Amino acid sequence: MIFLEELNPKQREAVEAGDGPVLVLAGPGSGKTRVLTYRVAYLVRLSGVAPWRIMAVTFTNKAAREMKERLAPTHLPPHGSSPLSPHQLQQLTIGTFHAVCARILRRESEVISGWDSNFVIYDSGDQLALIRQALRELNLDDKKHRPTSIHGRISTAKNELIGPERFQAITYQEEIVHRVYKRYQELLRDNNALDFDDLLMKTVNLFRQRDDVVTAYQERYQHILVDEFQDTNMVQYELVKLLAGKHQHLFAVADEDQSIYSWRGADYRNVLRFREDFPSHGLILLEENYRSTGTILEAARHIIRHNVHRVDKQLFTHRGDGVKVQVIEAYDEQEEAQYVAGQIVRLQAESRVPTSHCAVMYRTNAQSRLLEEEFIRRGMPYRLVRGTRFYERKEVRDILAYLRLIHNPDDGVSMARIINAPPRGIGAKTLSALENWAFKLDTSTFGALKKLQEEEAGTHLAWPSPFSARAGKALLSFASVLTTLIADRDQITLPELFDTTLSRSGYRDLLQDGSNEAEDRWDNLQELRRVTQQFASTDPSDALPLFLEQVALVSDADGLTEDNEGGPALLTLHAAKGLEFQAVFMVGMDEGMLPHKRSLDDIEAMQEERRLCYVGVTRAMDHLYLVHTFRRTTFGQSALSTPSRFLHDIPDELVDIRPHVSPPRQRARAVSADRSVVWADKASPTPTHPVRSHFAIGDTVAHTKFGEGVIIASHLTSDDQEVEVAFPGQGIKRLSVNMAPLEKLDQETAVGGKQ
DNA sequence: GGACAAGTATTTTTT
DNA sequence: ATACTTGTCC
């Protein structure tokens, strides 16, 4: 078959693998997405598997979309052999774990007690709101028990398939979590809502409890394909195992070295479990890299080889060595940004690397600010990958809350969110009175509003409403807005419903104040309206739930904020996974930054930092710059920094310069001519505060940890002195005199010795 | 109900 | 430094 001919032998072996479990260990840039899509095409076209019997699961919508696109007839391999017909494509089950589970749960909703098929999916913001509510109800202080951390514990439990009833509480903290977990889960049920983790956990529980249901799905799905298998957590693994339980045709693609989501429950050891649980599996290694130069690949290999418990892949490329890796020391983070921006310009001029093929990667989002400022200062465009996320904007979340409430009036979280947005005289006090009253009436908040309307119409209630005339009026007026919208729900198209929601809610008037900010927010809502357009011709009673589901499971900007202006991409190392660029700048290559300081004393966490570094390095096709600083300001505190340990793992012969070997002044000049000017500026202060003691070059000093050493460089800042000390046998250390336990030896305690 | 001061925490974030 | 939350006052 023509479309298989462009695969290399290993890729082809994977694509054409026979029945039974198959594990493909695929290095970066080895064409794993291609293998996955060709495998699907192969199964349908050559093995005669009906498309509706195939399920391919991914982690991101983007990956799912990419697979579908590549299978679509418009995206043919050269020579025109079309992989699948539109009809076949449509029958495939391709989606994220969460989307696939949501679909199953809706179809089987009658067997998950407490929820009906209209359930809404709560995103992280909603989940936190619900945790806070649970804390409040349990009279717990949300200062002492931070909602995010409690939510994290609950999420971890759910990912380990531990429901509230099975949650083991030994410590006091766990006891608190246990109580909140129980209440949280009840609240979800009362709101007819599921959180992300529930989608997976409830599906697995359903399969475990109902033989008939699991059998039906097992029989239907003959072939299960899983992308990024190293990122699966326990529920996901369990789910896959259950689904593949009958036919055992499980095709998993993994790279242990790119597992960077353990803090979300991902466990690369699932790759090892796969090998134990499916002992007869086929194993295929994809080791040819089509992306990076030999030098970059070799540097990556030296970084990752320090990790244990991994299959050591022998990555190779036919691309040739290319240029060396550049290790750069900047004076501080300002200079780091200046260097990066300047070098991007130079690359474009000298090596014809388009700026849009450059990427700047960092460990934490906070690091993007200085880079952005520098790009703005120079008037250079840039693409910030996931800044404020579209769906996290207040106006977007508010309108979505309206729509969710219209769909599922019992959704108390959405109700609390918008009952006073825009402001309509229903403050926190009135809301909590309403919620209490609803509790007494044994109904939802919305139910209470309905009761209020009945009371207004003359019905006598066992519990009369407790509101002042003013509050009562405000509530009634809001209730009528809501009931009108609900009445419209199944009558008008989704875009129409969207528009009428905007105007009836008062949101439109709110954003018509003529300010720039209001205009931006209005534009965002119009952006959201564009999404509703996809459902313009869908039956009104189906459109809203479909739209809400799509939006709930596509929380990333996913094309919405993608501006194609060009310019370098600014992104976190996590966000970089799966991407590639001609030139990659990794900034903040300092100890504490990468590896992050929170990972310093944990071996597993440190290995993950290493993988993160590896992911960054292997994004680069031709040029790789690793930038660290001499000193760095964190949380307003300036301190000397140490180059990342990962830099030391790259052999010298792969690296162009090692600036930190020379003393600061030369080092500065070696990097760029203007650097020394900046350096001189910062290095020549008259101390405003007297410094405790001064060291001069040549002084012999003693350090409590490093022993005896000699000062080889020094410079003064406004309130401190920085020295470099050569400790025989231990290398050169940079130390702050105010901080380091240093003592002068064999010399009188002279003060003010300027070098 | 909104404005302002004070206090606090600050990794990553596929869904 | 700073962004975000909470508390207090008008």
Side-chain angles (χ1 to χ4, degrees), chain A residues 57-66 95-102 121-128 132 141-143 146-149 151-152 155 158-159 194-201 227-228 230-233 235-236 258-266 333 361-370 373 385-386 388-389 391-392 420-431 470 474 549-558 571-578 588 592-600 602 605 608-609 611-613 615-616 632-638:
Chain A
V57 228
T58 63
F59 278 85
T60 62
N61 292 295
K62 199 173 151 220
R65 196 173 47 225
E66 202 175 307
T96 63
F97 274 101
H98 293 83
V100 166
C101 287
I121 299 165
Y122 274 0
D123 66 25
S124 13
D126 306 321
Q127 293 166 32
L128 278 181
R132 287 203 186 88
D141 182 0
D142 65 1
K143 286 257 182 47
R146 303 233 316 282
T148 43
S149 112
H151 178 257
S155 175
K158 287 186 176 180
N159 286 330
L194 295 174
D195 68 15
F196 290 138
D197 303 315
D198 284 333
L199 294 175
L200 307 176
M201 181 173 75
D227 191 16
E228 307 270 20
Q230 76 283 352
D231 284 335
T232 52
N233 59 28
V235 209
Q236 286 158 342
Q258 292 188 62
S259 165
I260 54 175
Y261 285 103
S262 72
W263 44 276
R264 286 192 107 272
E333 59 270 33
M361 300 175 187
Y362 34 81
R363 176 70 237 261
T364 66
N365 278 311
Q367 291 171 264
S368 74
R369 217 193 78 241
L370 282 167
E373 283 170 7
V385 178
R386 59 195 81 224
T388 314
R389 308 241 226 74
Y391 285 104
E392 280 170 14
N420 200 32
R424 49 172 72 87
I426 306 175
K429 268 205 147 149
T430 307
L431 174 61
R470 203 171 81 179
E549 170 133 349
Q550 172 173 328
V551 163
L553 297 176
V554 186
S555 286
D556 59 6
D558 242 349
L571 68 179
T572 62
L573 288 163
H574 283 89
K577 191 158 99 163
M593 216 77 232
L594 183 72
H596 193 271
K597 61 175 175 299
R598 294 216 179 176
S599 309
L600 255 33
D602 178 334
E608 184 143 317
E609 297 292 309
R611 293 193 289 267
L612 206 43
C613 184
V615 166
R632 186 175 287 278
T633 305
T634 5
F635 306 145
Q637 217 56 40
S638 176

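Order of the sequence lines sets the chain letters (A, B, ...), proteins ahead of strands, with each chain counted from 1. A quick note: this is a predicted structure, and the numbers were derived from the prediction, not measured.
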Whole angstrom is fine here: how far is it from CD in A:Gln550 over to P in B:dT15? 12 Å
Spacing of the P atoms in B:dT12 and C:dT5 (rounded, Å): 16 Å
How many whole angstroms separate atom CG of A:Leu612 from atom C1' of B:dT13? 12 Å
Stacked pair A:His596-B:dT11, distance under 5.5 Å, angle under 30°: yes
Specify the separation, in whole Å, of atom CZ of A:Arg632 and atom C1' of C:dA1. 14 Å
Check the distance between C:dT2's P and A:Asn365's CG and give it to me in whole angstrom. 16 Å
C:dT6 and B:dT11: how far apart are their C1' atoms, nearest whole angstrom? 25 Å
Here the distance between atom P of B:dT15 and atom CD of A:Gln236, to the nearest Å, is 12 Å
Side chain proximity check, A:Leu200 to A:Gln236, heavy atoms < 4.5 angstrom: yes
Counting any heavy atom closer than 4.0 Å, what does A:Asp231 reach on the DNA or RNA strands: base, sugar-phosphate only, or nothing? base
Rounded to whole Å, how long is the line connecting atom CG of A:Leu573 with atom P of B:dT13? 10 Å
Please check: side-chain N/O of A:Glu228 versus main-chain N/O of A:Thr58, any donor-acceptor pairing under 3.5 Å? no
Rounded to whole Å, CG of A:Leu370 lies from C1' of C:dA1 at a distance of 10 Å
Would you check if A:Met593 and A:Tyr362 make a side-chain contact, meaning some heavy-atom pair closer than 4.5 Å? no
Does the aromatic ring of A:Phe59 sit over the six-membered base ring of B:dT15, closer than 5.5 Å centre to centre and tilted less than 30°? no
Distance test, side-chain N/O of A:Thr572 to OP1/OP2 of B:dT13, below 4.0 Å: yes
Residue set satisfying salt bridge (charged side-chain N to carboxylate O under 4.0 Å, His left out) with A:Arg632, at least two apart, ordered chain then number -> A:Glu336, A:Asp590
B:dT14 base / A:Arg264 side chain donor-acceptor hit below 3.5 Å: no
Here's a test of your reading of the structure: between A:Ser599 and A:Asp197, which maps to the more 5' nucleotide of DNA chain B? A:Ser599
Could you run through nucleotides 1-10 of chain B and give me one letter per nucleotide, 5' to 3': B if any protein heavy atom sits under 4.0 Å from the base, S if only the sugar-phosphate is that close, - if neither? SS-------B
What's the shortest heavy-atom distance between A:Leu571 and A:Ala576, and which atoms? CD1-CA, 3.7 Å
Value in whole Å for how far the C1' atom of B:dT13 lies from NE2 of A:His151: 12 Å
Answer yes or no: is there a side-chain heavy-atom contact under 4.5 Å between A:Glu609 and A:Arg363? yes
List the residues meeting salt bridge (charged side-chain N to carboxylate O under 4.0 Å, His left out) with A:Asp195, not counting sequence neighbours, and say none if there are none. A:Lys158
Out of B:dT11, C:dT2, B:dT14, minimum distance to the side chain of A:Arg369 belongs to C:dT2
